[in-house]
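Remember, it's 1-based here, ligands and their atoms both numbered in the order they're listed. Values below: all heavy atoms of this structure, side chains included; hydrogens, waters and symmetry mates excluded.
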Amino acid sequence: MPGTKPYYITTPIYYVNDRPHVGSCYTTLLADCAARFMRAAGRPTYFLTGTDEHGQKVEKSAAAKGVTPKQLADENADHFKAAFDFLHCTHDHFIRTTDAAHEAQVQEALRRLIKSGDVYLGTFEGWYDEGQEEYVTDNQAREKDYKAFNGQPLIKAKEENYYFRLSAFQKRLEEFFDKNLDFVRPEGRRNEVLGRLKMGLQDVPVSRTNFSWGIPFPKDIDPTGKHVTYVWIDALFNYITALNLLAPPNARDESANPVAANFWPAQIHAIGKEILWFHAVIWPALLMALNLPTPHCVYAHSFWIREGRKMSKSLGNFIDLETIHAYCDTYSVDAWRWFMLTQGPIEATDADFSHAKFIEVYNADLANGIGNAASRVLNMIEKYFGGSVPESRGLNDHADHDWPALAKAALDAATHGMNRFDLAGALSAGMFLSKRVDAYIVATEPFRMAKDPTRMPEVGSVLYNCAEALRLAATLLSCAMPSKMADVLQRFGQAPISDHARDEQRESRGQASLPLSELCQWGRLKPGTRVTKGESLFPRADPAASPPSSTSLVPDP
Ligand code: ME8
């Protein structure tokens with residue numbers, strides 16, 4: 001069956017020297033939306049997020065705060081978990097790179113790479129970006145005017161390290177890119193990678209010796225105990241250690257999903273543009289060296305910026321967790337999700353966050369959009385049919401409102417968009433149905449027809465079509481706005497779309513809900529179903545009101 005191909009989606013694992021903010025929440029929301037849709041479509045789905053806890057940056061931040069790196073990691077990992085729960089993310093697993101199962105598997109990978117000769121001991125001198133914890137090539141250093149990503153000077157560093165023989169993979173990677181046109185997306189990002197690939201590959205360090213907060217090299221390889229695993233190598237492996245792919249059978253974490261291994265290779269690694277090189281070049285080469293399949297797609301989105309400027313702590317313009325909480329408290333978590341998912345920098349250009357834009361989108365799509373459409377239709381069903389869904393007699397079928405065809409087109413467009421990770425496009429298919437309901441009401445004027453008792457069958461047909469179209473819109477939009485759309489579905493007497501997030505929840509529900517292809521069949525809504533009007537779903541927002549102010553909900557570490 002086409003719908004049953006496994007779908008594994010990941011986010012970057014986030015550094016624990018920082019709190020969650022709009023950026024980390026954004027990527028995780030993208031992955032959540034896609035994962036929810038795929039589960040609803042009936043595909044076995046695994047959604048992974050987590051935290052990247054080793055490295056010099058974490059060690060230094062912890063020292064500055066007077067705590068151990070592990071204490072800092074524990075504290076901030078909890079903040080990430082809480083933030084993603086607050087935003088209703090349905091990750092199947094939250095991996096931490098300090099998990100024993102991850103550490104053991106990274107050591108196993110190193111052993112295999114040493115054995116195959118892909119990792120060797122050598123000396124290296126080069127330009128090092130301390131903030132990003134990465135070496136840059138001489139060319140890049142010159143191009144960047146010897147400045148790091150954060151604007152600080154690059155450092156000339158020399159080390160005896162273990163190295164990954166990336167240079168040996170030049171040809172294989174070029175062939176791989178030729179064959180897999182969709183491996184890096186969007187298109188513009190692929191071209192960037194190809195441009196850099198052409199300049200030639202250098203070997204990359206996989207160990208560091210100037211600090212200790214990292215996964216130690218296995219004792220059988222490094223009896224000196226000097227080498228710890230370079231944080232980027234440690235981090236990349238999370239995508240397969242979470243599935244226990246490198247664990248010997250007797251060392252498998254029993255609590256982990258036993259079928260998880262079937263999910264590799266990943267369908268989508270969703271990441272930000274600044275970490276593309278690691279994912280697009282170093283990661284597939286490591287997998288090739290380990291004889292493991294490569295992921296289908298690395299999707300690198302762009303950045304949220306604010307008022308046209310990069311967000312940074314020094315500028316004090318970061319959209320932090322407190323601001324996110326304030327927006328969610330005022331306009332709802334789902335309104336925040338909707339804005340992030342439809343207005344975000346998923347393509348190759350950055351997206352500006354502005355309060356005015358948030359209010360404009362909220363009012364247009366939600367308050368005056370699906371919220372208003374649902375409330376009008378529910379009111380009329382209440383008023384003219386005593387709150388019971390009327391029958392459709394096939395009257396009033398305007399050629400431009402061929403509802404069964406519109407419903408099928410919406411499902412197809414949503415599925416196509418989600419398969420391409422074009423989330424905004426996929427979501428517009430659901431919103432389109434809601435807009436057609438408005439247009440249909442304007443064209444048919446059921447409230448005018450209702451003044452003539454002989455036309456009530458026609459009114460019933462119109463309202464049936466409206467209710468059914470809104471049921472489908474809410475079904476297709478549930479992956480973006482799970483609570484509010486569950487509310488819409490409930491008002492139309494329907495069960496919410498199950499999020500199937502975790503095994504125990506699935507079991508406690510006792511049954512799997514129907515796949516989207518069946519739920520979206522036109523005509524499933526039964527005449528006679530009781531509806532309830534309820535409160536306003538999305539109260540209109542006043543564009544003149546000042547942005548919600550953040551009260552500090554998260555205590556300082
Ligand atoms: O790089 N707009 O972790 P990190 C959109 N640990 N997304 C943004 C953003 C912004 N302004 N700022 C950050 C790391 N992001 C490594 C990853 S993966 C094996 C290791 C998002 O905490 C975006 O997804 O710096 C970016 O790639 C990620 O946060 C970086 O998170």
Side-chain angles (χ1 to χ4, degrees), residues 9-32 48-58 61 72-73 76-77 79-80 83-84 89 94-98 102 106 109 129-134 148-150 189 214-215 229-242 266 268-284 286-287 295 298-313 315 317-321 323-324 339-341 343-353 421 423:
I9 185 160
T10 67
T11 71
I13 47 171
Y14 305 104
Y15 284 130
V16 285
N17 57 330
D18 210 352
R19 293 265 190 78
H21 52 65
V22 68
S24 36
C25 291
Y26 174 64
T27 317
T28 308
L29 280 176
L30 290 178
D32 182 62
L48 178 72
T49 190
T51 39
D52 190 355
E53 308 194 348
H54 293 122
Q56 199 167 18
K57 221 159 44 167
V58 176
S61 302
L72 181 66
N76 277 336
H79 284 310
F80 278 97
F84 299 156
C89 293
F94 187 102
I95 191 169
R96 300 182 54 184
T97 53
T98 51
H102 170 80
V106 169
D129 180 332
E130 231 183 352
Q132 293 294 98
E133 303 203 18
E134 67 170 312
F149 185 72
N150 62 8
R189 300 279 172 234
I215 300 178
T229 312
Y230 174 40
V231 64
W232 261 104
I233 300 294
D234 166 357
L236 286 167
F237 279 120
N238 92 89
Y239 301 129
I240 55 175
T241 63
I268 303 264
H269 287 315
I271 58 165
K273 60 183 178 181
E274 86 289 15
I275 56 175
L276 179 56
W277 184 251
F278 288 101
H279 286 81
V281 172
I282 300 176
W283 182 224
L286 282 168
L287 290 164
V298 171
Y299 194 103
H301 62 70
S302 305
F303 271 10
W304 278 105
I305 52 174
R306 197 169 190 179
E307 315 297 344
R309 300 170 85 181
K310 196 181 150 189
M311 280 182 265
S312 76
K313 278 195 174 166
L315 287 172
N317 65 346
F318 233 96
I319 296 176
D320 55 14
L321 206 46
T323 309
I324 297 174
F339 185 73
M340 289 281 113
L341 293 168
Q343 307 299 317
I346 193 156
E347 285 293 329
T349 41
D350 291 343
D352 207 3
F353 185 95
F421 206 60
L423 304 199

- Item | Donor-acceptor side-chain pairing of T97 and H102 below 3.5 angstrom | no
- For D234 and H54, does a side-chain donor sit closer than 3.5 Å to a side-chain acceptor? yes
Please tabulate protein-ligand N/O pairs under 3.5 Å for ligand 1, atom names and distances to 0.1 Å.
residue, atom, partner, partner atom, Å
ligand 1, 2 (N), W304, N, 2.9
ligand 1, 6 (N), I13, O, 2.8
ligand 1, 6 (N), D52, OD2, 2.7
ligand 1, 11 (N), W304, O, 3.2
ligand 1, 22 (O), Y15, N, 2.9
ligand 1, 24 (O), T27, OG1, 2.7
ligand 1, 24 (O), G272, N, 3.3
ligand 1, 27 (O), G272, N, 2.9
ligand 1, 27 (O), E274, OE1, 3.3
ligand 1, 27 (O), E274, OE2, 3.1

- Do the rings of H279 and Y239 sit parallel, tilted or perpendicular, given the 30° and 60° boundaries? tilted
- Are any of the side-chain heavy atoms of T51 and F94 separated by less than 4.5 Å? yes
- Query: Taking side chain as C-beta onward, heavy atoms only, is I324 less than 4.5 Å from I319?
  - Reply: yes
- Is the distance between the ring centroids of W304 and F318 under 6.0 Å? no
